[in-house]
Amino acid sequence: MTHTRTAIVVGGGIAGPVAALALRRAGIEATVHEAYTTTADGVGGALGIAPNGRAALGLVGLDRIGTPMNAIVLQNHKGRTITEIRQPAQFSWRADLYRRLYDLALQQGVEVHHGHELVDVRESGSGIRAVFADGSTSEEADVLIGADGLRSTVRRLIDPQAPEPRYSGLLGFGARVEGAGLPPTGDRMYMAFGRRAFFGYQTFEDGSGVWFANLPHAYRTWQQARQTSNEQWLHRLAEAFAEDTLPALDLLRLTPPEDLITTGPMEDLPHVPHWHRGRMVLVGDSAHATSPSSGQGASLAAESAVELARALRDLPHPQAFAAYEHARRARVERVIAQGARTNSGKAAGPVGRVVRDALLPLFARLATPEKMAWQYDHRISWDAPVAA
């Protein structure tokens with residue numbers, strides 16, 4: 001029987017609803033509190049859901065989502081294929097995954113409150129209360145879970161000296177296009193190391209397509225990136241790919257400025273010293289944000305939410321938090337480090353590009369399914385008891 005009966009989940013993005021659903025399965029009543037006054041429909045770019053992430057999402061009741069992407073074809077700036085990496089995943093837009101999780105949470109009876117910006121907590125021996133910016137407080141709960149992202153308020157409350165996100169030097173962009181005019185790529189995502197930027201795309205049987213780009217840039221905040229208009233960004237991206245033999249220019253021309261998605265700076269959190277304190281604990285990007293280059297952000301968030309729920313199901317919260325962190329820290333920090341190495345290749349200078357391109361064949365030989373199994377074959381046994 002669980003020692004924890006109720007939980008406050010701060011953050012209604014991806015990790016928050018997954019955590020609430022997993023807690024509910026564990027017999028713990030959870031409510032989600034989101035700072036934004038509206039839902040996040042239509043917000044965010046593309047993401048990959050790896051097999052390990054799909055398995056974790058399946059444990060909370062979310063079935064298959066997105067478009068199959070069973071291989072990545074790596075190319076150089078001339079469009080020459082370096083290697084094809086068999087890497088089964090699902091390509092999804094963040095907004096689609098968000099809506100599926102949001103609806104599922106409501107269907108399962110999870111209460112979601114909007115306009116609740118957390119500013120403080122009040123902890124006692126018997127529980128914890130969340131204090132919101134409008135002066136209201138939630139009902140007391142046994143634990144509070146911070147699923148509030150890269151710039152987590154809960155992380156700061158746990159540790160005022162907690163690190164800030166680290167900028168990779170890359171800005172992210174993407175879009176859906178109609179009438180791409182390119183042969184379908186099937187279940188393959190093509191990714192190319194251009195001379196000045198990184199480009200990825202996938203095209204489908206109906207003529208549509210999706211693309212994303214990572215552009216080295218000095219901007220360090222999303223607000224700075226938004227000061228440049230979409231028209232200007234499309235022009236800058238076209239300049240970045242002008243010397244490459246890639247379909248980037250064709251797909252950029254087909255992208256109306258209003259359809260451009262600017263995801264802003266690509267950031268990560270290499271190491272968060274303290275994941276929990278008292279009755280508070282972190283999950284998802286608030287604890288272990290990995291760069292989008294890893295392709296594992298949503299998947300790791302789902303895994304951690306499920307592992308935390310299992311631990312709280314079987315142990316009192318102090319032991320549960322420690323067991324959860326022990327089960328997750330080494331794995332997620334290894335993925336974060338790998339994503340950072342990928343970013344360094346995308347942002348390489350003139351000399352670095354030469355070294356990178358020379359080493360790509362070696363990387364291809366190392367990135368076999370067997371070598372990557374530690375990431376993709378990870379599975380959580382829901383029924384297995386969690387030991388302190």
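On a predicted model such as this, the values are computed, not experimentally measured, just so you know. Residue indices begin at 1 and follow the sequence shown.
- By the neighbour-count criterion of 12 heavy atoms within 6.0 Å, atom CD of Glu117 is sparsely surrounded, having that number or fewer from other residues, nucleotides or ligands.
- Between the Thr185 side chain and the Thr203 main chain, a donor and an acceptor come within less than 3.5 Å of each other.
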Requested in this report: Let me see the working for His235 and Glu239 under side-chain hydrogen bond (donor to acceptor under 3.5 Å, both in side chains), right down to the final yes or no.
Outcome: CA-CA 6 Å; His235 178 71; Glu239 288 182 330; 3.2 Å; yes

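- With contacts defined as side-chain heavy-atom distances shorter than 4.5 Å, the pair Asp285/Leu269 does not qualify.
- Between Pro51 and Pro88, the shortest heavy-atom distance links the atoms CD-O, 2.8 Å.
- Partner Ser293 forms a side-chain hydrogen bond (donor to acceptor under 3.5 Å, both in side chains) with one of Asp268, Thr342, Asn343 and no other, that one being Asn343.
- Side-chain N or O atoms of His114 include one that pairs as donor or acceptor with a backbone N or O of Tyr36 at under 3.5 Å.
- By the 30° and 60° cut-offs, the orientation of the rings of Phe199 relative to Phe241 is perpendicular.
- Heavy-atom neighbours of His326 NE2 from other residues, nucleotides or ligands within 6.0 Å: at or below the threshold of 12.
- For the pair Arg313 and Trp382, the cation-pi test (distance below 6.0 Å, angle within 45°) is passed.
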Query raised in the report: Please walk me through it: do Ser138 and His33 pass side-chain hydrogen bond (donor to acceptor under 3.5 Å, both in side chains)?
Result: CA-CA 9 Å; Ser138 72; His33 299 265; 5.0 Å; no

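- Phe173 and Phe212 have their aromatic ring centers separated by at least 6.0 angstrom.
- A donor-acceptor pair under 3.5 Å is absent between the side-chain atoms of Thr255 and the main chain of Leu260, judged by distance alone.
- Between the side chain of Glu307 and the backbone N or O of Tyr324, no donor-acceptor pair lies under 3.5 Å.
- For the pair Arg341 and Gln338, the minimum side-chain heavy-atom distance is below 4.5 Å.
- The shortest distance between side-chain heavy atoms of Pro257 and Leu234 falls below 4.5 Å.
- A salt bridge does not link Asp244 to Arg196: none of the charged side-chain nitrogens sits closer than 4.0 Å to a carboxylate oxygen.
- Counting non-hydrogen atoms of other residues, nucleotides and ligands closer than 6.0 Å to CD of Glu139 gives a total of 12 or fewer.
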Query - Stepwise side-chain hydrogen bond (donor to acceptor under 3.5 Å, both in side chains) test for Arg329 and His271 - result: CA-CA 9 Å; Arg329 183 180 284 279; His271 178 77; 3.2 Å; yes

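- When all heavy atoms of Gly11 and Val32 are compared, the closest pair comes out as O-CG1, 3.5 Å.
- In this structure, the side chain of Arg100 does not engage the main chain of Ile65 through any donor-acceptor pair within 3.5 Å.
- Between Leu249 and Ala238 the shortest heavy-atom distance is CD2-O, 3.5 Å.
- Looking at Arg176, its side chain never comes within 3.5 Å of a backbone N or O of Asp259 through a donor-acceptor pair.
- Distance alone, capped at 3.5 Å, places no donor-acceptor pair between the Arg156 side chain and the Arg151 backbone.
- For Thr153 (side chain) and Val119 (main-chain N/O), no donor-acceptor pair under 3.5 Å exists by modelled atom type.
- Here the options are Arg334, Arg331, Gln296, the test is side-chain hydrogen bond (donor to acceptor under 3.5 Å, both in side chains), and the partner is Gln375; only Gln296 passes.
- Counting only heavy atoms from C-beta outward, the side chains of Phe321 and Leu315 never approach each other to under 4.5 Å.
- Other residues, nucleotides and ligands contribute at most 12 non-hydrogen atoms within 6.0 Å of the CD atom of Glu205.
- Remark: Glu29 CD is loosely packed, at most 12 non-hydrogen atoms of other residues, nucleotides or ligands lying under 6.0 Å away.
- Using the six-membered ring where Trp is involved, Tyr98 and Tyr102 have ring planes that are tilted, between 30° and 60° apart.
- Between Ala287 and Val272, the shortest heavy-atom contact is O-CG2, 3.2 Å.
- Using a cut-off of 4.0 Å between Lys/Arg side-chain N and Asp/Glu carboxylate O, Arg279 and Glu140 are scored as not salt-bridged.
- A side chain to side chain contact (heavy atoms under 4.5 Å, CB included) with Val306 holds for exactly one of Leu23, Leu21, Leu59; it is Leu59.
- Under the 4.5 Å side-chain criterion, counting only non-hydrogen atoms from C-beta, Leu252 is in contact with Trp211.
- In this structure, Arg99 pairs ionically with Asp41, as a charged nitrogen and a carboxylate oxygen lie closer than 4.0 Å.
- Side chain of Ser286 to backbone of Val283: a donor-acceptor contact under 3.5 angstrom is found.
- Remark: side-chain polar atoms of Gln202 are paired, donor with acceptor, to backbone N or O of Gly186 under 3.5 angstrom.
- For Arg379, the CZ atom sits in a packed shell: over 12 heavy atoms of surrounding residues, nucleotides or ligands are nearer than 6.0 Å.
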